Undergrad: 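Structure incoming, see below.
So you know, we letter chains A, B, ... as the sequences are listed, proteins then strands, and number each from 1. Small disclaimer: the values here were computed from a predicted structure and weren't measured. Computation of the quantities below employed the complete heavy-atom set of this structure, encompassing side-chain atoms and omitting hydrogens, waters and symmetry-equivalent molecules.
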Amino acid sequence: MLDDFFMRAVLAGLGLALVVGPLGSFVVWRRMAYFGDSTAHAAILGVALALAFDISIYAGTLAVAAMMACLVSALVSRGQAMDTMLGVLSHSALAFGLVAISFVPAARTDLSGYLFGDILAVGRSDLALIWTGSVLVLGLLVLRWQRLVTSSLNEELAMAAGIDPRTERLILSLALAVVVALAIRVVGSLLISALLIVPAAAARGWARTPERMALGAGLVAAASVLAGLWSSLRLDTPAGPSIVAAAAIFFLLSQAMRRA
Amino acid sequence: MSALIESQGLTIHRPGTSEPVLTRIDFRILPGEIVTVVGPNGSGKSSLIRALLGHLPPASGQVTRRKGLRIGYVPQRVQLDTAIPMTVRRFLSLPRRVTDAEAETALGRTGVPGLGPRQLTQLSGGQFQRVLLARALLSQPHMLVLDEPTQGLDQPGIVAFYKLIEDVRRETGAAILMVSHDLLVVMRSSDRVVCLNGHVCCEGTPQHVSGAPEYLALFGADAEGTLALYRHKHDHDHDHMSAMPAHAHGPGCGHDHSPSPAISGTP
C-alpha cells in the first residue's frame with residue numbers, strides 16, 4: 001500500500017490533518033494567525049541552512065521555527081505590539097531565507113518545492129516523521145488541554161487557577177514550530193498557516209464547545225486533504241494549493257449554510 | 001481568628017520600573033468578613049488584589065496566605081475571546097472538571113439556573129457576572145475575590161448583585177474581598193472599607209470611612225451624596241457620627257474610630 005505515491009500522499013495529509021484541527025483552533029482562538037505565517041516563513045531560512053550545512057530539512061526547519069517561536073513569545077511578553085513584531089520578523093525571515101537559499105545552488109532549482117510543498121513526493125521516512133510528530137503534538141495538546149483552553153480564554157482566570165499563561169503560550173508556540181516543520185513537505189511554507197486557520201475558521205460557525213471546534217476543524221482538514229488530492233489526481237492541479245483551495249471552499253460553504 | 005490573607009509593609013512597583021504603585025500596605029482579611037477596597041482610578045486597587053493573590057511580586061514587604069486557602073476569583077473586566085465557542089456548562093468545567101449536578105447547583109445559587117447550554121457570548125452583563133461568580137464558587141472557596149464585579153451593570157443590577165454577594169456569604173461563610181466604585185452599595189454591604197490611594201488613606205467600618213476627611217477629599221461630592229443617602233437609611237448612626245471627632249489622618253492610618261461594635265455595616 002505504501003508503495004503507491006498517491007497512498008503515501010493521502011496518509012501524509014491525513015497525519016497532518018490530525019494535528020492541524022486542534023492546533024489550528026488555538027491559532028484562531030488566540031488570534032495567532034500571523035504567528036503561523038512568521039514561523040512558516042522562518043522555515044524557509046531553515047531550509048536554506050539545512051541545505052548549506054547538509055543536515056536534514058526537518059531538523060533545519062524545526063530549529064529555525066522553534067527559535068522564531070521563542071523569539072516572538074519573548075518579545076510579546078516584553079510588551080511589544082504583537083502584529084508589528086510579527087510583521088517585522090515574518091517578512092525579514094522570509095527575505096533572509098530567500099537570500100540565503102540563493103547561495104545554495106542545489107536549492108535554487110528546488111525552491112518552489114519548499115514554498116509550495118510537494119506532497120506527491122513524500123517518502124516512507126517522511127511519512128513516519130509526519131505521523132510521529134503529529135501524534136506527539138496531539139498527545140501534548142490533549143494532556144494539557146484544560147490548561148491551554150483556560151489560558152486561551154482568559155489569562156487572569158488561568159493565573160487564579162495556578163496556571164502560568166506564559167508556559168502555555170510557549171508550549172503552543174513550540175507545537176506550532178513542530179507542525180510547521182512537518183508540514184513544509186506537504187503544503188509548503190507559504191500555505192501552512194492556511195491549513196491551520198481555514199479549517200478551524202470553517203468549524204467555528206458550527207461548534208458550541210472548544211472540543212467540537214477542534215474535532216470539526218480536524219474533519220474539515222481531512223476532507224480538504226482528500227478533495228485536494230483527488231483534484232490533483234483527476235484534474236492535474238498542484239496538490240498543496242488544491243488542498244488549501246478545498247479548505248477555502250469548505251469555509252465558504254460553512255458560512256453560506258450558517259446564514260441560511 | 002487568624003487572617004486568611006495578610007500583607008505587611010507591602011510595596012508594589014509598576015512593572016519594569018521603580019515607581020511605586022502601592023506603598024507599605026498593611027492589610028488583612030478574616031474568615032467571613034466582607035471587605036471592600038475603594039479608591040480613585042490608578043490608586044492601586046487592582047494591583048493590591050493581584051499582589052494578595054500572588055500574581056504580582058512585591059517589591060518589598062510580604063504577603064502571607066493561610067495554608068490550603070482556596071480562593072474564588074472574579075477578575076476585572078473579563079473579556080472573553082469571542083473566537084472561542086464556549087457554553088456556560090463547559091466554562092464551569094475550566095480548568096477543573098465538575099459534574100453536571102455541581103454545575104447546576106452553582107448556577108442555581110447565583111440565580112441563573114438552567115443557563116448551562118447557552119453560549120457565553122450570548123449572556124447579558126448581569127448574567128455573565130453571575131456565571132463568573134458561580135464558577136468561582138465551584139471550588140468551595142474560603143474567600144471570594146471580586147475586582148469591580150458590577151462594572152457595566154445598571155443600578156438595579158448592581159443592587160441585586162451585592163444582595164447576592166451577601167447571600168453567598170451567609171450561605172457559605174466565605175470571606176469576600178471586593179474592589180468597587182459603587183460607593184453607595186458598598187457602604188451598605190461591607191463590614192470594613194479600605195480607602196486606597198497609593199497607600200491606605202483610611203480604613204474601618206463604612207460609617208467611619210465615609211466620615212473621614214481623606215475619603216471626602218478623594219471622592220468629593222459623590223461621597224457627600226453617598227453619605228447623605230447612607231445616613232438617611234441609617235439615621236441611628238447620627239449620634240455616633242457626630243461623636244466622632246473629625247480630624248485628619250496621616251498616611252497609612254488604619255485605626256478605627258467606631259465607638260462600638262453595635263454599628264455593623266449590614267442593615
Undergrad: For B/Arg70, which atoms come within 4.5 Å of any heavy atom of chain A: side chain, backbone, both, or neither?
TA: neither
Undergrad: Does any part of the side chain of B/Met86, heavy atoms only, come nearer than 4.5 Å to the side chain of A/Val149, both counted from C-beta?
TA: yes
Undergrad: In this structure, are over 12 heavy atoms from other groups packed under 6.0 Å from B/Gln140 atom CD?
TA: no
Undergrad: Just wondering, do B/Asp147 and A/Glu156 contact through their side chains at under 4.5 Å, heavy atoms?
TA: no
Undergrad: Just so I understand: if I count every heavy-atom pair under 4.5 Å between each of B/Ser139, B/Pro117, B/Gly54 and chain A, which residue has the most?
TA: B/Pro117
Undergrad: Answer with side chain, backbone, both or neither: which region of B/Ile84 has an atom nearer than 4.5 Å to a non-hydrogen atom of chain A?
TA: both
Undergrad: Is a donor on one side and an acceptor on the other found under 3.5 Å between the side chain of A/Arg147 and the backbone of B/Pro95?
TA: no
Undergrad: Can you tell which of A/Ala161, A/Pro210, A/Ser151 has the highest number of heavy-atom pairs within less than 4.5 Å of chain B?
TA: A/Pro210
Undergrad: Looking at every non-hydrogen atom in both residues, tell me the closest pair between A/Trp29 and B/Ala83 and how far apart they are.
TA: CD1-O, 3.2 Å
Undergrad: Got a second to check how far B/Leu94's CG is from A/Leu157's CG, nearest 0.5 Å?
TA: 9.0 Å
Undergrad: Counting heavy-atom pairs under 4.5 Å with chain A, which one of B/Arg89, B/Arg96, B/Arg50 comes out on top?
TA: B/Arg50
Undergrad: Got more than 12 heavy atoms from elsewhere within 6.0 Å of CZ, A/Arg166?
TA: no
Undergrad: Sort B/Arg97 into side chain, backbone, both or neither according to what part of it lies under 4.5 angstrom from a heavy atom of chain A.
TA: both
Undergrad: Could you check which of A/Arg31, A/Arg30, A/Arg212, A/Met213 has the highest count of heavy-atom pairs closer than 4.5 Å to chain B?
TA: A/Arg31
Undergrad: Quick one: what part of A/Ser25 sits under 4.5 Å from any heavy atom of chain B, side chain, backbone, both or neither?
TA: neither
Undergrad: Enter the distance from A/Glu211:CD to B/Arg90:CZ here, rounded to the nearest 0.5 Å.
TA: 4.0 Å
